Amino acid sequence: MRVISTVSEFQSALDHARLSKTVGLVPTMGYLHEGHGSLIQRANSENDFVAVTVFVNPLQFGVNEDFSTYPRDLDRDVELAKHSGADIVFAPTINEMYPNYPEALPTKVSVSKLSEVLDGKSRPGHFDGVATVVAKLFAMAGKVSAYFGEKDFQQLAIIRQLASDLSFPVKVIGCKTIREADGLAASSRNVRLTQDNRRAALVLYKALQLGKELVESGENNSITVTRAMESLIKGEVRAELDYATCVDPKTLLVPDVIRNDVQLLVAAKFSDVRLIDNLKANFPEPINRAGGGVQNNDVVKADSLRLERG
Ligand code: PAF
């Protein structure tokens, strides 16, 4: 397996591979864990050649965020990438990606609407940084299938939108969240949790499970679901809640009344470590009293008909 560090080597390696092979791309910020391993393995099972990128992107960190303390270990990443089935690792320096860094890049990619809610509110500029670096990687990579974790649910929605809006020849593939044995979502930041905070952080998954139980048992008031998740997280003294919410999985907006499946999302800080997680909740199909199921869409249609008729 080769490790390369320049944009031109990366472009030529992928152009060369594409002459006879399908190419999978796994963009990461390094400090690879089991979750990344599963993305690389999936890319490997669906493509003939797999490129992993390792780059801690300064544009997506705010001034008071953890850019300098974000864990880094390229040798370990290379080993994990190799064992998971990667063919090359592209690990550029900051100046290779942004030649005038720390001067601001004149060009910025910004995906409106989807970037303005949830983490976009708490971390201003974060998703512009993500969208800009991902657009650069897609532009370098060319025609590939690109693999991202569903743990970063909002990021995945933004990347899908950007790939489609800017017509990148990239198939964006979302992959299931990998969890540790007790349910904590795998994250490079988990290594920075103290033992007590590691234990406390489990409250995020518990809150998601509680929200899921409520929605799946027919609770259709999004405020009730949100409040239940919030109060569970607030009950953990080590957690500093950012948000706990339930949104439409496409628009990322909160429905007043839940009528279809929703995505539950949570974010909280444990000392200086900010963690996020999410879970899908399937809203039950309404029971048709005359027997047989009624589609949720039918209920929405019926409601809007009533509205139209006044
Ligand atoms: O999810 C990540 O690791 C990063 O946000 C990404 C997509 C590699 C962009 O830097």
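The structure presented is a predicted model; accordingly, all values stated were derived computationally and were not measured. In listed order, ligands and their atoms are each counted from 1.
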With heavy atoms of Met29 as the reference, note each atom of ligand 1 found under 4.0 Å away.
3 (O), 4 (C), 10 (O)
Parallel, tilted or perpendicular: which describes the rings of Tyr70 and Phe61, with under 30° parallel and over 60° perpendicular?
perpendicular
If you look at every heavy atom in Phe55 and Ile94, which pair is closest and at what distance?
CE1-CA, 3.8 Å
With a 4.0 Å cut-off, would you call Asp15 and Lys143 a salt bridge?
no
Within 6.0 Å of CZ in Arg227, more than 12 heavy atoms from elsewhere
no
Ligand 1 atoms nearer than 4.0 angstrom to some heavy atom of Val133 are 9 (C), 10 (O)
If you count the atoms of ligand 1 from 1 in the order shown, which ones are under 4.0 Å from a heavy atom of Gln155?
1 (O), 2 (C), 4 (C), 5 (O), 7 (C)
Look only at interatomic distance and state if Gln60 has a nitrogen or oxygen under 3.5 Å from any nitrogen or oxygen of ligand 1.
yes
